Each structure stands twice: as structure tokens, then as C-alpha cells.
There are 2 protein chains.
Amino acid sequence: MLPSAQAPLYEIKANLFKGLAHPARIRILELLAAAPQETAAVSYLLAETGLEASHLSQHLATLRKHKVVTSVRTANAVTYRLAHPGISQLLAIARTFLLDNLADSNEQLRLAQQLPAGHLAGGAAS
Amino acid sequence: MLPSAQAPLYEIKANLFKGLAHPARIRILELLAAAPQETAAVSYLLAETGLEASHLSQHLATLRKHKVVTSVRTANAVTYRLAHPGISQLLAIARTFLLDNLADSNEQLRLAQQLPAGHLAGGAAS
DNA sequence: CCTTGATATGATGAATTCATCAATCCATCA
DNA sequence: TGATGGATTGATGAATTCATCATATCAAGG
């Protein structure tokens with residue numbers, strides 16, 4: 001059920017978050033958010049994510065379905081763009097929230113051990 | 001797979017959004033966001049949402065699992081609280097994004113009909 | 001102890017999403 | 001036209017989430 005003027009706003013919001021609820025789609029969106037004019041070609045996304053073409057297409061289709069991205073075909077190339085600046089804001093806020101969670105984990109670890117916590121996260125990509 | 005210091009950040013983000021990807025949970029979070037100190041009792045959430053107790057509990061458990069809320073039991077009452085101010089920011093941004101989508105829908109409708117669009121959404125709750 | 005109120009958990013079938021491969025479509029070129 | 005490159009769609013089984021009811025747990029009072 002897609003966003004519709006007839007659906008309650010909480011349903012519309014939940015649907016938006018469903019569109020964001022997969023790691024591969026987060027990676028795609030972050031590549032777009034970091035690209036000039038929040039726009040990138042499928043070929044670029046393909047190279048950067050390392051996904052198989054059909055897998056990437058499926059995820060892009062989901063993002064289109066949820067109106068998180070828009071696409072334009074130019075000859076044999078298709079480019080995708082974030083549909084709204086709010087998307088990158090959502091990603092940015094999710095980052096601060098999660099970094100705080102990491103800080104909390106550090107705090108709990110320290111209280112548990114009564115020792116200064118070493119560094120916990122060394123491999124976080126984005 | 002819960003947020004862990006070892007998981008890539010895009011997986012952590014996707015997991016956060018999974019926690020938000022259900023209408024009932026959005027409603028709960030918005031009630032909390034609007035409550036004093038972003039805190040409310042289960043009994044209050046029960047009355048406001050109209051959900052059955054076990055259904056509400058299941059959703060609250062999901063929100064706890066995703067660290068979107070925290071809970072405290074005081075005697076036979078349990079209160080929930082947003083775990084981070086970022087949550088209400090996510091909801092607020094989702095709102096602006098979606099309102100823009102409504103505006104877009106209005107624009108397309110107008111172009112299609114070459115007539116001023118009447119009001120489309122009259123029943124949106126939140 | 002039993003009863004009551006408040007809340008959480010367990011279990012199960014239905015629905016949806018995910019992962020993945022095959023096939024198809026679109027555009028270009030010789 | 002056929003071949004090639006770029007991108008999408010269709011199909012299917014596995015995994016996860018959702019919906020819902022039964023049961024259990026926690027806390028307080030008589």
C-alpha cells in the first residue's frame with residue numbers, strides 16, 4: 001500500500017521507513033546523498049556497491065516504489081536521484097542517534113568493569 | 001541482528017528504520033514524542049491507541065529491541081520513553097517529506113486536469 | 001493464599017520482504 | 001538484422017514480520 005492522500009499519516013510514515021529498512025538500500029541512498037546534486041548513474045551505484053545488477057535493480061525499484069528516489073533514462077543510461085532533501089537528513093539523524101547508542105554502550109561497559117573502556121568500534125563503514 | 005559495535009553503520013541504520021516500519025509503532029512513538037518528557041505509561045498508550053494489550057506489548061517489545069524506547073517499571077505500572085531526541089526529529093522530517101509528496105500529488109493532479117486542485121487529504125491523522 | 005489489575009511472553013498461521021537466478025527490455029552499433 | 005552493453009522485470013524458495021490468541025509474569029490487596 002503506497003503513500004496516498006487517503007492514508008493516515010502514520011501509515012505513510014511507516015511505509016517510508018519500510019523503504020529504508022534494508023542495508024543495501026541505505027548504502028545506495030548514502031551514495032546518492034554524497035553525489036553531486038544527489039544524482040548518480042546505475043553503473044556508478046553498481047560499481048560502488050558491488051551488488052549484482054539484478055539485485056541492485058530490485059532495490060532501486062523498491063526505492064522508486066516508496067518514492068525515495070526518482071530516475072531518468074538518457075539513452076542506455078539511467079540516473080537516480082534522491083527524491084527529497086529530507087532523505088539525507090533522515091540518514092544524518094540516524095547517524096547521530098546511533099553514535100549516541102555507541103556512547104551509551106561504552107558507558108555501560110565502563111560501569112560494568114569500572115575500567116576505562118578501550119575503543120569498541122573499529123570497523124564501522126558508514 | 002541488533003545494533004552492535006561490530007556491524008557496519010548502514011546495517012545499524014537499516015535496523016533502526018525496521019523498528020519504525022509499522023504504523024502502530026509510529027503512532028506509539030508520536031504519542032511519546034508529544035508527551036511530557038517524552039514519557040508515557042503503557043496504560044495511557046493502551047487507551048490512546050485502542051490496541052489490545054498484548055498487541056501493544058508486542059510492538060513495545062520491538063521498539064525496545066531496536067533501542068528506540070526505554071522502559072521503567074514502578075510497582076504495577078510501566079512507563080516508556082523515547083530513547084533519543086533523534087527519534088522525534090526523524091518523525092518530524094518524515095512529515096515534511098511526506099507533505100511535500102502530497103504537494104507533488106496536488107501539482108500533478110492540477111497539471112493533469114488544468115484546474116485548481118481541490119483539497120485532497122481530509123482524513124490524515126498525523 | 002487467592003484475586004485482581006497491569007503487562008509481557010509464547011505460539012502459530014498469514015503476509016510480506018529478502019535473496020537470487022532467469023528472462024526480458026531498451027538503446028546503440030556494425 | 002544480430003550482437004553487445006545497460007538496466008529492468010519475473011519467478012521462486014527462504015527468511016522475516018505481522019496479526020492474533022493463549023498463557024505467563026509481576027505487583028498489590030484482602
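Throughout, a chain's letter reflects where its sequence line sits, starting with A, and its residues are numbered from 1. Here the structure is a predicted model, which means the values were calculated and not measured.
When the side-chain nitrogen and oxygen atoms of A/Arg25 are compared with OP1 and OP2 of C/dC18, one or more of them lie within a distance under 4.0 Å. Not one side-chain nitrogen or oxygen of A/Arg64 sits closer than 4.0 Å to the OP1 or OP2 atom of D/dA7.
Considering only side-chain atoms of A/Val42, the nucleotide from C/dC18, D/dA7, D/dA27 that sits closest is D/dA7. In this structure, the nucleotide among C/dT28, C/dG5, C/dA19 sitting nearest to the side chain of B/Asn76 is C/dG5.
Rounded to an integer number of Å, the gap from CD of A/Glu52 to P of D/dG6 is 15 Å. Atom P of nucleotide C/dA6 and atom CG of B/Leu45 are separated by 14 Å, given to the nearest angstrom. In this structure, NE2 of A/His59 is placed 8 Å from C1' of C/dA19, rounded to the nearest angstrom. Atoms NZ (A/Lys65) and P (D/dT8) sit 16 Å apart, rounded to a whole Å. As rounded to whole Å, 12 Å separates atom C1' of C/dT16 from atom CG of A/Asn15. Regarding A/Leu20, its CG atom lies at a distance of 14 Å from the P atom of C/dT17, rounded to whole Å. With rounding to whole Å, B/Leu60 atom CG is found 14 Å from D/dC18 atom P. Between A/His66 atom NE2 and C/dT16 atom P there is a gap of 12 Å when expressed in whole angstrom units.
Heavy atoms of A/Ala53 sit under 4.0 angstrom from at least one base atom. Heavy atoms of A/Ser54 sit under 4.0 angstrom from at least one base atom. In this structure, A/Tyr44 reaches neither bases nor backbone, as no heavy-atom distance under 4.0 Å exists between it and the strands shown. When heavy atoms are screened at a 4.0 angstrom cut-off, B/Ser57 is found touching base atoms of the nucleic acid.
A salt bridge links B/Glu30 with A/Lys13: the distance from a Lys NZ or Arg NE/NH1/NH2 to an Asp or Glu carboxylate oxygen falls below 4.0 Å.
For the pair A/Arg25 and A/Leu20, the minimum side-chain heavy-atom distance is 4.5 Å or more.
Applying the 5.5 angstrom centroid cut-off and the 30 degree plane-angle cut-off, the aromatic ring of A/His55 is stacked upon the base of C/dT20.
Side-chain to base pairing of A/Gln58 with C/dT20: one donor and one acceptor N or O lie within less than 3.5 Å of each other.
In terms of position on DNA chain D, the residue among A/Leu56 and A/Lys18 whose nearest nucleotide sits closer to the 5' end is A/Leu56.
Taking the six-membered ring for Trp and thresholds of 30 and 60 degrees, A/His22 and A/His59 have ring planes inclined between 30 and 60 degrees apart.
Listed for the A/Thr39 side chain is a donor-acceptor partner under 3.5 Å among the backbone atoms of A/Gln37. Checked by atom type and distance alone, the side chain of B/Thr62 pairs as donor or acceptor with a backbone atom of B/Gln58 at under 3.5 Å. Under the 3.5 Å distance criterion, the side-chain polar atoms of A/His66 are matched with a main-chain donor or acceptor of A/Asn15. Between the side chain of A/Arg81 and the backbone N or O of A/Val69, no donor-acceptor pair lies under 3.5 Å.
In the helix from C/dC1-D/dG30 to C/dA30-D/dT1, the end axes, each obtained as the rotation axis mapping the C1' atoms of four pairs onto the next four within a five-pair block, lie 0° apart to the nearest 10 degrees.
Under 3.5 Å, the side chains of B/Arg64 and B/Tyr80 contain a donor-acceptor pair of N or O atoms.
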